[in-house]
Structures are given as structure tokens and as C-alpha cells.
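Taking it in order: structure first as C-alpha cells, then the write-up.
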Protein chains: 2
Amino acid sequence: MDGPLTATAPAVDGGKKSRKGEQTRAQILETALTLFRERGYEDTTMRAIAEAAGVSVGNAYYYFRSKEHLIQAFYARTHEEHLEACREVLAREVGLRDRLLAVMRAKLDTIMPYHRFSGILFKTAADPESPLNPFSEESLPVRQQSTALFAEVLEGSNVRLSADMMAELPNLLWTYHMGIVLFWIHDRSPGCARSYRFMEQSVKLVVRLISLAQIPVLRPLFREILKVVAELRNREGTEGNPSTMGT
Amino acid sequence: MDGPLTATAPAVDGGKKSRKGEQTRAQILETALTLFRERGYEDTTMRAIAEAAGVSVGNAYYYFRSKEHLIQAFYARTHEEHLEACREVLAREVGLRDRLLAVMRAKLDTIMPYHRFSGILFKTAADPESPLNPFSEESLPVRQQSTALFAEVLEGSNVRLSADMMAELPNLLWTYHMGIVLFWIHDRSPGCARSYRFMEQSVKLVVRLISLAQIPVLRPLFREILKVVAELRNREGTEGNPSTMGT
DNA sequence: CCTTCTTGTTGAACGCGTTCAAATCGGCGC
DNA sequence: GCGCCGATTTGAACGCGTTCAACAAGAAGG
């Protein structure tokens, strides 16, 4: 009953075993992502994925609990690509606006090939019962990695922030970046030009707000905002979930 | 081929015809909403709805294009209940904070009975292809009505706002209210107490921000914010869609 | 070689949302 | 009465995601 489903990311397990199954798993994932890119999500059936990958339907389900779980693999995949695309700029640039701009632009560039099928991504992501829900247990690793990226955007810049800001701002930026992606998903303009424009304008605004938050007169206001945002963040709340306390 | 599907809202058509079908339609909708409330969305099958309503499956599809379209009817229904629940307070109260508080509280109260099945609501609502997408053509009437409610919240208050604020703020408040609902959907605390608390705190913050926007020094900043928000709003963009130009 | 256990693989079958050709109903002219 | 036509209703059928009992392939020990 305990299949290979425990290890979601290919690189997480020991790396030594390299069981026969790892090949099959990779084969299925690769086929699925290709078909998603070509035909979109809805028009790609599990039967088609299995056939194109040269396995049976049941076998695909041996490695991926559901069709949705294939998306989670997509999540992890594009996130890694995004990280790679950012690395160089983040090591060089120190201006906060340019850092954030570069990261956001890289994000859009990374997910662009998947624009056709990305609709379904947020569709299932918004379902509180779905494992793809950005707040779910299962997607916590990717979310934490992504939030860490925004922490790095801030820390590597020449802008000094107060401690309470530094604690909450990465999460806020992550939320902001989700909002941009949401806009992008609905964007039907050629080349998603509107998304890029909207992103650039809003990045300027965000950076301006951040610098405003450092002005002493406005501190009480921003402190209150942070308080409300913190309330928003720990959704599990009184249930006492220790897993979200760390970091 | 042109069935009764053209008239989505029951009160929209002439009201005179009252064809046989209107009864059947109402019967199906009532049954569906009841089952949704009792078992949730996923566990309520179209076959079960049809059987409980005393019709065939195909007949249900004659009146509702899909299972999702039953949700749109739910949208319209709860919106009317919300309006009704607000009417009295909005006629009496003039303080902006209390007006907004009352409206938001009424919103949560109205949708509370549907908390179990509301997850799917946003799930499909986030899909850009879905007719339930809040930005879609099909849900435009409800959205406009809802936005109008927030315009009334502002206009009936003793707070005077500049014209550009008055033009954009209702849309912003509508977006804010969607955010609260999104929080509520994910809220698993007993009685959704966290949602109410979060709503109250954020309402205070929102009102405070609105009054800040009236301070001359900060006007340029808020004007820029409004500009970006306006960019966000007309998504159809360069396609030249005249239907969203009105009002 | 035979057993035993885990890992990997199969394809038929289930329940679902949805479709559609065909049947039925209801009013209106004759 | 009969014929007609649009509105309504039916239920079998399709394709989908998913499940599961059964089977095959290795690996390990005797």
C-alpha cells in the first residue's frame, strides 16, 4: 500500500536506490507536461498520457495519486526554473526595485509556455480541499521556498527594513506575486503584454509603499496593517498546528 | 435549440409567460441548493438532484447548462438575501465604518449556511474559462449589482470623497469583500469566528485608509494606486469590449 | 530450483457529468 | 375529431477520472 508516492519530488529521496520505478515515473511526468503544454489540461486525458508514455492507466495512478498531482509536479518544476533564472540578477543587482522587477519578470517568463493550461492550475488551487491549495500541507515546501526567494530579494538589497517588516514582508510579496499570476492567467492580450505592464506598474507602487513604511509618522499605520496580515497568515489558528511555526 | 437558458435569473423575463417550465426550473434549483447545503457540492450528483426533484437527468440539463450553472443561481440567490439583510441598516446608519461593518457582517451571515459547499464555488470561480469566473461576461450582472451596493455604502455615509475616489472605490471594496469571502472559505475555526474577527479588523483598517486618502499630502500616492487598480479592472483591454464601458 | 516478499503493472469496471435522438405534451388552426 | 409545431421530457450512451483485484518481475534466502 505504500507505493513511491511518499516522495513527491524526484530529487528528494536518497538518490541511490534508482529503482526501476523512477524511470517510469519520470517518463509519465515528462509526457504529461508535454501534452499539457500542447493541448491544455482538460483536453489531455489520463488515458492519453498513459498511452503516450507507454504504460497502462493504472500504472500512472501508481505514481501520481491523481491528475491534479501532476500539476503539483509542474509547480515544483517551474519554481526551480524560476530560481535558476533569478540567481544571476540577485547576485549582481542591489536596487530593490530592480531586484523585484527582475524576479517578477522571470516568473512570467518561466510560466509563459504553460499559459494555455494554467487556468486549471488556479482553479484547483483555490479549492480548500485540494492538495494544490497554496495553503495546504502538501504544498507547504514549495510555498516556503518561494517565500524565501522574496526574503532574499529584500535582504540582498540596499534597503534597510525594521525587524517586524522583515518578518512579514516576504509573505506579503509572495501573496502579491500570486496576484500577478492570477492576473496573468486571465490575461488574453497578445503576448500577455498587459500582464507585464501591470506587473511593472505595480512593482513600482509596491517598492514605493515599502519605502513609505520606513517613515516614522506612518509606522503605527503600517504596524496595524502587519498585524492584520499576520492574522490572515496563520489560518490553522486555534487548532494548534506546530508545522507552520518554524522559520 | 433555444431553450429557457437565455433567462438566467428567474425575475428577469417578462413575468407574464410563466410557462410550465418555470415551475420545473424552480423545483430543480430548490432541490439542488438544499442538497448542496446538506451534503456539499461534490457529493451531490446530478442524478440525485434529478431524482429528488422528480425529473430525469436530461431535464435538469434542459434548464441548467451544467452543474456549475447551478452555482451561478446560488450566487444570485445569496446576493439578493444579502441586499435584503443590508437594506435597513443602510437606510439608518451614516457612519462609514458602521455601514461597511454591517454590510460585511451581513455577507458572512448570509453565506454561512453554505460554508460546506462554498469551497467549490471559488474553485470554479477561479477558472478563467468558467462562466462563474467573477470577471466573465455571464457573471457581470451580479458583479455590477454587488459593486453598486458598495457604492451605496459610500454615498450614504457622512464621508465626502473626491470624484476619482468615488469612481474606483466601489470596485476596490468589492475586491476586498471577495478577499474576505476567500478567507472565510478556508476558515475551519468553530463558527468561522476567525473570519468575523479578521473582517472586523480589516474593515477598520480599510476605513482608516480611506480617510487617509483625503489628506492632501498623500493624494499623489493614492492617485497612483487608483491608476494601477484601474489598469487591473478593464481586463478585456485593447480588444475593445464596449459592454464594460457603461455605468 | 522453489518459496516469499516487495515492487511494479495491468485492464476491466464503477460512478460521475454530460449529450442527444427520440418520445411526449400542449395549444392552435382546421 | 385531426394535424402540426414548438416546448418539454426521457433514458440510454459516451468519455472521463479513478479504483482495485489480480498478475508479473525481481530480489533474497534456503
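Lettering follows sequence order; numbering is per chain, from 1.
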Ring centres under 6.0 Å, that's the criterion: do Phe36(A) and Phe74(A) meet it? no
Note: for Ala60(A) and Thr44(B) on DNA chain C, the residue whose nearest nucleotide lies more 5' is Ala60(A)
Between dG17(D) and Ser66(A), is there an OP1 or OP2 to side-chain N/O distance shorter than 4.0 Å? no
Going by an N to O cut-off under 4.0 Å, is there a salt bridge joining Lys67(B) and Glu42(B)? no
Looking only at the side chain of Thr24(B) (C-beta and beyond, no hydrogens), which of the listed nucleotides dT9(C), dT9(D), dT18(D) gets closest? dT9(D)
Over how many whole Å does the gap from Glu42(B) atom CD to dT18(D) atom P extend? 11 Å
Going by distance alone, is a donor N or O of one side chain under 3.5 Å from an acceptor N or O of the other, for Tyr62(A) and Thr24(A)? no
For Tyr61(B) and dA13(D), what is the distance between atoms OH and C1' respectively, to the nearest whole Å? 14 Å
Measure from the side chain of Met46(B), starting at C-beta and using heavy atoms only, and say which of dT10(C), dA7(D), dG17(C) lies closest. dG17(C)
Rounded distance (Å) that lies between atom P of dG8(C) and atom CD of Glu22(A): 8 Å
d(CD, Gln23(A); C1', dG26(D)) in whole Å: 14 Å
Figure out the CD/P separation between Glu51(A) and dG11(C), and round it to whole Å. 11 Å
Base, sugar-phosphate, or nothing for Val57(B), non-hydrogen atoms under 4.0 angstrom? base
Ser56(A) near the nucleic acid: base, sugar-phosphate alone, or nothing, with a heavy-atom cut-off under 4.0 Å? base
Gap between atoms CD1 and P, on Ile28(A) and dG8(C) respectively (whole Å): 11 Å
Which of dT19(C), dC16(C), dC16(D) is nearest the side chain of Arg47(B)? It is dC16(C)
Integer-rounded Å distance: dT9(D) P and Phe64(B) CZ: 12 Å
Answer yes or no: is there an ion pair linking Glu84(B) with Arg87(B), defined by an N-O contact shorter than 4.0 Å? yes
Please check if the number of heavy atoms outside Glu51(B) that lie under 6.0 Å from its CD is greater than 12. no
Return no unless some side-chain N or O of Asn59(B) is found under 4.0 Å from OP1 or OP2 of dT8(D). no
Hey, is the side chain of Tyr62(B) poking within less than 4.0 Å of OP1 or OP2 on dT9(D), counting only N and O atoms? no
So does Tyr63(B) get a side-chain nitrogen or oxygen closer than 4.0 Å to the phosphate oxygens (OP1/OP2) of dT9(D)? yes
